[in-house]
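Atoms within each ligand, like the ligands themselves, are counted from 1 in listed order.
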Amino acid sequence: MNLGRSGGEIAQSTGAPGVDWPTVIDPFSLAGRTVIVTGASRGIGAEVARRIAALGGGVVLVARSGEALAELAAELPGPSAAVAGDVADTDTAAAAMAAGEELGGLWGLVNNAGINPYYHPVTETPLSEWDEVLRVNLLGAAAFARAAGRHLAEAGQGGRIVNLSSIAGLTGLPNIGPYNASKAAIDALTRTLAVELGPVGVLCNSVAPGTIGTEMIEGLMAANPALRERLVAKSPLGRIGTVAEAAWPIVFLLTDAASFITGQTLLVDGGRLAAG
Ligand code: NAD
């Protein structure tokens, strides 16, 4: 019996006589689907783009550095487009939607771009730093969710939005107040989008990684050497995570395998929060 293979298609199995077994063929395939990934020039975002391409999907890569995006695009096996710009600029979101259309129609958005550049208590944090962090992490995600949500609703084929949250949004990690607040807000945005867009078949979830070895986190650790030891000591797995370990759960939420999951925050933290 050969059921063939295409993204999420439903076929009838002839396996058991007298029984109609609906079989989803390869629910993890993203063949024929295009996803926008913001902050795709490096770290978790670049790895998400690679995994989407590996599952057969097209990718619209968004970040500030056009050069890094072009390098990544050249490495991907499938269709891709690069859009250089700031995520909090609505023109960038509009350009990404247009690029998604050109690649054959949009299926999803991964709101991954984020910054965490400061390390001091809230009492010593100037409002300009709040403004900078919230502008990228929250307004950037809102700008893209607004554009993609409208676009997907109009197209009427359903779709997915995955927002990058963090365990920082669920705890009171010291010295990164604006970042913590931005990620808690991302989870609230996710739940709101899930309720508003559920009726048009657009599912919205957050992924909240623990500590993942990227340039963002290496930069923080270089500035605060005791931080690495503290973070590893609190992890039941005794290590920080890899970009692949953060990327796969994000990509999972884009697939048909996740078709009844919406409004959730999926912790990908190696058990860090469970350890208290
Ligand atoms: P990173 O610093 O390695 O990469 C961030 C990406 O976002 C880069 O491509 C950068 O160019 C892009 N970016 C930043 N500001 C931008 C802007 N204004 N416009 C367009 N692009 C912009 O970071 P990462 O560690 O890969 O983190 C990715 C996401 O995962 C972030 O939202 C981060 O908060 C979240 N996260 C990371 C960790 C971790 O431990 N690394 C943990 C929890 C959550």
Side-chain angles (χ1 to χ4, degrees), residues 36-51 59-73 82-93 95-96 109-118 131-145 162-171 173 176 178-187 189-190 206-224 227-228 230-232 234-235 239-247 249-251 265-270 272-273:
I36 296 169
V37 182
T38 70
S41 64
R42 65 183 202 184
I44 295 170
E47 197 65 12
V48 167
R50 290 189 190 98
R51 308 279 150 171
V59 199
V60 177
L61 309 162
V62 181
R64 286 165 303 182
S65 158
E67 209 175 305
L69 293 181
E71 273 173 35
L72 177 59
V83 174
D86 187 328
V87 283
D89 179 347
T90 51
D91 288 347
T92 311
L109 162 68
V110 178
N111 257 328
N112 166 79
I115 57 171
N116 188 13
Y118 303 113
D131 197 55
E132 184 184 338
V133 172
L134 290 174
R135 186 174 173 281
V136 177
N137 293 8
L138 181 57
L139 297 191
F144 268 75
V162 181
N163 297 319
L164 262 290
S165 174
S166 167
I167 59 167
L170 297 158
T171 58
L173 291 172
I176 51 172
Y179 181 77
N180 295 345
S182 75
K183 294 305 185 180
I186 281 287
D187 288 339
L189 171 67
T190 295
S206 294
V207 167
T211 310
I212 306 295
T214 65
E215 285 177 56
M216 172 193 276
I217 217 73
E218 291 301 338
L220 264 189
M221 285 174 171
N224 313 278
L227 189 60
R228 179 187 300 272
R230 270 218 319 273
L231 291 171
V232 169
K234 287 191 170 174
S235 163
R239 63 177 178 85
I240 64 175
T242 67
V243 284
E245 287 173 316
I250 295 166
V251 174
T265 297
L266 174 59
L267 268 74
V268 181
D269 69 345
R272 166 68 185 80
L273 278 200

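Residue Ala46 places every heavy atom at 4.0 Å or more from ligand 1. Contact analysis leaves Gly219 out of contact with ligand 1, as no non-hydrogen atom separation drops below 4.0 angstrom. Using a 4.0 Å cutoff on heavy atoms, Thr38 does not count as a contact of ligand 1. Ligand 1 does not have Arg135 within reach: every non-hydrogen atom of the residue lies 4.0 Å or more from it. At least one heavy atom of Asn112 sits under 4.0 Å from some atom of ligand 1.
Using a 4.5 Å heavy-atom cutoff, the side chains of Glu132 and Ile115 are in contact.
Applying side chain to side chain contact (heavy atoms under 4.5 Å, CB included) to Ser165 and the options Ile186, Leu170, Asn137 leaves one that passes, Ile186.
Among the atoms of Val87, some N or O lies under 3.5 angstrom from an N or O of ligand 1. Looking at ligand 1, you'll find an N or O of Ile212 within less than 3.5 Å of one of its N or O atoms. Taking distance alone, with nitrogen or oxygen atoms compared against 3.5 Å, Ser166 stays at or beyond that limit from ligand 1. The shortest N or O to N or O distance between Tyr179 and ligand 1 is below 3.5 Å.
Distance alone, capped at 3.5 Å, places no donor-acceptor pair between the Asn180 side chain and the Gly169 backbone.
Shown in contact with Gly43 at under 4.0 Å from a heavy atom are these atoms of ligand 1, numbered in order with element: 3 (O), 26 (O).
Here the straight-line distance linking atom CG of Leu267 with atom CD1 of Ile167 works out to 7.5 Å at 0.5 Å rounding.
For Asp86, heavy-atom contacts with ligand 1 shorter than 4.0 Å involve the backbone as well as the side chain. Within the 4.0 Å heavy-atom criterion, neither part of Ala168 lies near ligand 1.
Nearest to atom 24 (P) of ligand 1 among the protein's heavy atoms is Thr214 OG1, 3.6 Å.
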